[in-house]
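Numbers here are sequence positions counted from 1.
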Amino acid sequence: MLKRNSLYKVMATIFLVFGLLGASFIGGIPAHAQGNVNPEFSKSERRGLWIAYTDFANLGLKDKTQTQFETNMKNALNKARTYGVNTIYFHVRSFDDAAWKSSTFPASSALTSKASSSKTAAQTYTYDPLAITLRLAHSYGMELHAYMNPYRVSSNYFWDPSDAKTNARILTAVKEVLAYNVDGVHFDDYFYHAAKGYYRVGDTSKKVYSAPLSAATKRANVNVMVRSVYNLVHTTRASFGISPQGNWENCMNGGSDVATWLSTQGYVDYLVPQIYWSNQWGSNGATAMFSQRLQLFKSKNTAKIPMYVGLAAYRTGYAQSDDRGWGWRSDNLATQISLVRNAGLNGFAFFSASDLLRARAATEFSNVQKIVKPTIVTQGVTKPTSLVKGSSFALTGTVTSSAIIKRIEVGIANNAGTAYVSKKYYNNTSVNAKSFNISQVKSVTFSDLPVGSYRYRIWVHTFDGAKAVIDAPFTVTQSSAVINIKNYTAPTTLAKGKGFVLKGTITSSLPIKRVEIGVVSKNTANWVSGVKYDNAKLNTYSFSIAQADNYIKFGKLAKGSYYYRIWVHTSDGKAKMILNKGFTVS
């Protein structure tokens with residue numbers, strides 16, 4: 001990570017020249033849809049934390065027993081979890097070394113004082129730092145990405161990016177960490193950044209190569225390595241990402257080909273630009289540098305690569321002459337997170353872990369804590385408890401969230417909660433608000449439910465993932481419908497050839513699915529005239545008998561004895577004869 005003050009003074013000077021020319025770099029911003037984030041991780045936005053080699057001693061991880069290492073790593077992860085962190089970038093390779101039991105590379109001197117270039121990490125460590133951290137991260141529900149500096153040997157000397165043996169060495173390191181089933185491989189932004197020059201792998205003379213190269217040549221050399229790592233990582237379930245500088249011009253000049261990585265698939269699965277400035281940048285605090293750089297990276301992301309933003313936790317709480325915002329405000333991180341979300345990006349990451357424990361950063365992180373866990377409440381939400389089969393239920397109430405609701409699901413699940421029998425989705429195109437009126441849900445119906453036990457559920461999706469705000473059990477019981485008939489007419493004695501006018505209304509406590517109206521012969525018990533109305537025309541709670549008048553031909557009946565009969569079928573599956581009046585035709 002580019003965090004040293006001296007380097008930032010250089011960058012500040014560069015930005016004085018280039019950063020204020022934002023208009024030349026920031027064009028129209030296309031609509032930005034989220035990229036194809038790992039489906040296993042789609043439950044929430046990415047909230048990362050870099051545990052860098054510079055954090056190891058501060059977190060109590062150096063020169064510790066296995067028990068002490070585990071205890072202190074647990075403490076660090078537990079602290080991270082309070083700020084919503086769900087992804088750990090663990091520094092496994094900082095100076096051509098290894099924070100795992102490598103049989104190729106030496107141990108990290110940031111983890112053990114026994115590290116030596118003459119011994120491998122496997123010969124040095126008494127326990128495996130990566131294996132332990134991976135296990136603990138997963139126990140906290142976090143992903144772990146193996147964080148590497150691919151080329152760096154020391155601050156002064158890097159491996160030569162143009163050398164094929166350099167790429168082979170990097171691939172060896174990546175292959176070794178992939179064997180641990182890490183969730184991702186993550187590269188830092190040091191590419192062509194050696195202070196003095198570059199070594200060739202296997203050159204025991206340590207001849208230094210430092211011939212000047214064009215920016216295009218640097219990017220081409222680095223891209224060979226990036227593509228090969230991408231292909232290797234994709235032989236597993238892991239993902240591959242890079243965290244370049246937030247200074248676009250420095251990236252392109254130093255071998256970080258962010259223009260290609262954000263416009264072409266096949267280089268990275270995600271990008272984490274380190275936008276380490278406030279929105280009161282400069283000696284007068286008048287430049288919204290964070291927002292400018294955020295929009296620049298977003299506008300360049302034509303391939304819609306999932307993008308998270310690196311946030312400068314290490315700068316919080318300090319007054320700085322070149323970037324006034326850090327000293328003027330204590331809500332920089334919280335504000336930047338909101339800006340990232342409003343821009344439609346996929347998450348953020350804090351640099352670095354030590355700052356979660358730093359007293360001067362406490363106020364900033366208390367403000368972060370307020371926005372990483374949204375509050376969701378319900379008001380006036382009706383919940384069924386026991387319904388008679390075939391009866392309806394009106395859904396009412398409001399769901400309110402402190403964060404934008406991206407999706408809401410309202411439905412009826414089986415009693416085990418393993419499948420929905422009726423469900424309605426509202427995604428962010430129709431919601432995208434902080435409240436939702438449940439009464440607009442019309443397609444979740446209760447009247448068609450068979451007898452049994454169910455759960456009425458409401459799920460709310462925000463940037464923090466999905467949360468069940470209602471999960472209420474209820475039952476549907478069998479019950480006979482209450483059916484009435486009123487104001488009806490029925491014949492008693494008719495002269496042959498004389499008609500009769502039918503009137504009346506049928507009402508039911510359950511939906512009427514079928515009505516049969518007709519005349520039955522007393523002698524044969526057969527229908528001689530009649531009509532049937534099925535549920536396609538009914539599915540109602542009342543029925544007018546008058547509409548059957550044209551179908552019952554009383555005037556054509558032969559002399560004899562008959563019944564005027566009405567059957568009603570209701571949604572409980574039962575049929576009931578509600579009228580059976582005898583009459584004669586003479």
Side-chain angles (χ1 to χ4, degrees), residues 384-395 412 421-422 442-452 454 474-586:
T385 54
S386 180
L387 301 176
V388 173
K389 183 178 183 295
S391 61
S392 61
F393 184 81
L395 298 179
I412 303 167
V421 296
S422 182
K442 304 297 184 183
S443 58
V444 176
T445 56
F446 293 82
S447 58
D448 293 332
L449 295 174
V451 171
Y454 301 90
F474 70 96
T475 58
V476 175
T477 59
Q478 187 74 55
S479 178
S480 298
V482 177
I483 305 172
N484 293 305
I485 182 170
K486 62 182 181 179
N487 301 325
Y488 67 91
T489 57
T492 55
T493 302
L494 296 176
K496 185 176 181 300
K498 186 177 181 180
F500 185 83
V501 176
L502 294 180
K503 296 179 181 179
T505 302
I506 300 169
T507 59
S508 171
S509 63
L510 295 182
I512 300 169
K513 294 296 185 179
R514 181 172 180 169
V515 175
E516 301 171 12
I517 301 175
V519 176
V520 177
S521 170
K522 281 188 177 181
N523 293 332
T524 65
N526 294 328
W527 289 81
V528 295
S529 181
V531 64
K532 299 177 183 179
Y533 294 88
D534 60 20
N535 63 334
K537 298 178 181 178
L538 294 176
N539 201 29
T540 182
Y541 291 88
S542 67
F543 179 85
S544 174
I545 299 171
Q547 61 188 296
D549 184 65
N550 291 333
Y551 297 95
I552 312 301
K553 305 299 183 181
F554 289 95
K556 294 185 177 182
L557 293 177
K559 292 181 179 180
S561 298
Y562 300 92
Y563 293 107
Y564 168 47
R565 189 173 287 176
I566 299 177
W567 283 86
V568 176
H569 299 249
T570 49
S571 60
D572 57 2
K574 295 182 178 180
K576 183 178 181 180
M577 186 168 60
I578 63 168
L579 193 67
N580 191 33
K581 293 288 185 177
F583 69 96
T584 60
V585 177
S586 58

Trainee: Show which side-chain atoms of residues 575-586 pair as donor or acceptor with protein atoms under 3.5 Å away, not counting sequence neighbours.
Mentor:
{"residue": "N580", "atom": "OD1", "partner": "R565", "partner atom": "NE", "Å": "2.9"}
{"residue": "N580", "atom": "OD1", "partner": "R565", "partner atom": "NH2", "Å": "3.2"}

Trainee: Is a donor on one side and an acceptor on the other found under 3.5 Å between the side chain of S447 and the backbone of S392?
Mentor: no

Trainee: May I ask you to check whether over 12 heavy atoms, not counting those of K498, lie within 6.0 Å of atom NZ?
Mentor: no

Trainee: Ignoring hydrogens and angles, tell me if any N or O in the side chain of Y533 forms a donor-acceptor pair with the backbone of Q547 under 3.5 Å.
Mentor: yes

Trainee: Once you round to the nearest 0.5 Å, how far does CZ of F543 lie from CD1 of I485?
Mentor: 10.0 Å

Trainee: Mind checking the CG-OG spacing from N487 to S544? Nearest 0.5 Å is all I need.
Mentor: 10.5 Å

Trainee: Distance check, rounded to the nearest 0.5 Å: I517 atom CD1 versus I545 atom CD1?
Mentor: 5.5 Å

Trainee: Just do the side-chain contact (heavy atoms from CB on, under 4.5 Å) check on D549 and Y551 with the steps written out, would you?
Mentor: CA-CA 5 Å; D549 184 65; Y551 297 95; over 6 Å; no

Trainee: Could you check N526 against V520 for side-chain contact (heavy atoms from CB on, under 4.5 Å), going step by step and ending with a plain yes or no?
Mentor: CA-CA 5 Å; N526 294 328; V520 177; 5.8 Å; no

Trainee: Please list all pairs meeting side-chain hydrogen bond (donor to acceptor under 3.5 Å, both in side chains) that have one or both residues in residues 553-563, counting only residues at least two apart or in different chains.
Mentor: none

Trainee: Using modelled atom types and a 3.5 Å cut-off, is there a donor and acceptor pairing between side-chain atoms of T475 and backbone atoms of T477?
Mentor: no

Trainee: Centroid separation under 6.0 Å, is that true for the rings of Y454 and F446?
Mentor: no

